[in-house]
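It should be emphasised that the depicted structure is a prediction, and the values quoted were computed from it without experimental measurement. Sequence lines set the chain letters: A, B, ... in the order given, protein chains first and strands last, and positions in each chain run from 1.
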Amino acid sequence: MPELPEVEVVRRGLERWAAGRPVSAVEVLDARSTRRHDAGPADFADRLTGARLAVPERRGKYLWIPLADRGPDAQALVAHLGMSGQLLVNEPGDPEPRHLRIRLLLEPAEEAGDGEDRSRELRFVDQRIFGGLFLDPLVEASDRPGQLLPASVAHIGRDPMDPDFDPEAVHRRLRLRRTGLKRAMLDQTLVSGIGNIYADEALWRARLHYARPTETLNRTESSRLFEAVREVMAEALSQGGTSFDSLYVNVNGDSGYFDRSLDVYGRAGQPCRRCARQGRESTIVRDRFMNRSSAYCPRCQPVPRRARW
DNA sequence: AGTGACTCCTGCCCGC
DNA sequence: TGCGGGCAGGAGTCAC
């Protein structure tokens, strides 16, 4: 389940292996993967062919590669990995994975160094097809003149790793909401990049329950929470991200190993590590909520008196 | 405008 | 063995 750290691992891989390269051919094998490209798969392929890929950028779970040399009507190739999307850099002719949906043939960059003078194939592989690729015009960020981002990403809030992330502003917006804390954390217009795994992990680290009403959160608690989000994401990034199976991989097809460091997600029925360190016993429980699961420690994350599910 | 339900998808796993 | 149903869930869309 790619969240911010996993998408950032992919972004770094693309910066290393794809940036600067011209696209010489595009093949859309499954039109559902270009669903968000309104003009259709043929238009997607036409407009991408001949473009040169610039340095990839990211906000939250959205990843985009600006197309260089496109003049005033600047465009970007936007990617969202959804639940199971992968962007892989392969040698042309490598065996094709089962769920290959789109492929781009990349030529060597002009200033290619040793070993980088060969063609590559950028592959979008996606089992569940919740993700996709599309082209989108770049627009100026409303809160930062000169900063460009795809029009369809403009409504997404800054993520906690963004240098312009404003925890105080997010705190104020949280206090105005009338919803549960985890719902708010998963709302990408409020703060982006957080999915189910890192929401549960950050709530555990901050000792807050997922059903805590957002309007009761004080400044200390919200800064503790966002500090926890940054911390857990930074640790995950340093370990190459989280993956439970072969679904989430970097551009070279390798898995991260942060799953070994998870404290609550996927640990229902197992002892809470923080409680154990304090010589107490508590078991992680799993609730069904919002059509997804929430894992927490009932002892150090007690259900609030006025819970808002 | 904020909120939450619904929908899109495939593969795996469970029970009968 | 086979099949139906539940589960995994990010985010756009829509109704209220």
Atom [atom1] of [X] to atom [atom2] of [N]: distance rounded to whole Å?
X	N	atom1	atom2	result
A:E3	C:dG9	CD	P	9 Å
A:R286	C:dG6	CZ	C1'	11 Å
A:R36	C:dG10	CZ	C1'	10 Å
A:Y198	C:dG9	OH	P	14 Å
A:N196	C:dG10	CG	C1'	10 Å
A:R35	C:dT13	CZ	C1'	13 Å
A:L63	C:dG10	CG	C1'	15 Å
A:Q188	C:dT13	CD	C1'	16 Å

Hey, mind stepping through A:E201 and A:L262 against side-chain contact (heavy atoms from CB on, under 4.5 Å) and telling me if it holds?
CA-CA 7 Å; A:E201 292 297 313; A:L262 296 174; 3.7 Å; yes
Nearest 0.5 Å, please: how far is [atom2] in [Y] from [atom1] in [X]?
X	Y	atom1	atom2	result
A:Q188	A:I194	CD	CD1	7.5 Å
A:L135	A:D38	CG	CG	11.0 Å
A:H37	A:D43	NE2	CG	4.0 Å
A:S282	A:R274	OG	CZ	10.0 Å

Aromatic ring of A:F130 stacked on base six-ring of C:dA11, 5.5 Å, 30°:
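A stacking contact does not exist, since A:F130 is not both close and nearly parallel to the base ring of C:dA11.
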Would A:R32 and A:D126 pass as an ion pair if we require N to O under 4.0 Å?
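Here A:R32 does not pair with A:D126 in a salt bridge, since their nearest N and O are not under 4.0 Å apart.
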Under 4.0 Å from any heavy atom of chain A: name the first and the last nucleotide of DNA chain B that qualifies, 5' to 3'.
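So the outermost contacting nucleotides come out as B:dT3 to B:dG11.
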What nucleic acid atoms does A:R173 come within less than 4.0 Å of, heavy atoms only: base, sugar-phosphate, or nothing?
nothing
Does A:S84 put a side-chain nitrogen or oxygen below 4.0 Å from OP1 or OP2 of C:dG9?
no
Quick one: is C:dG12 close enough that its OP1 or OP2 comes under 4.0 Å of any side-chain N or O from A:H80?
no
Among A:R177, A:R175, A:R308, find the one that has a salt bridge (charged side-chain N to carboxylate O under 4.0 Å, His left out) with A:E215.
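Testing each of A:R177, A:R175, A:R308 against A:E215, the sole residue satisfying salt bridge (charged side-chain N to carboxylate O under 4.0 Å, His left out) is A:R308.
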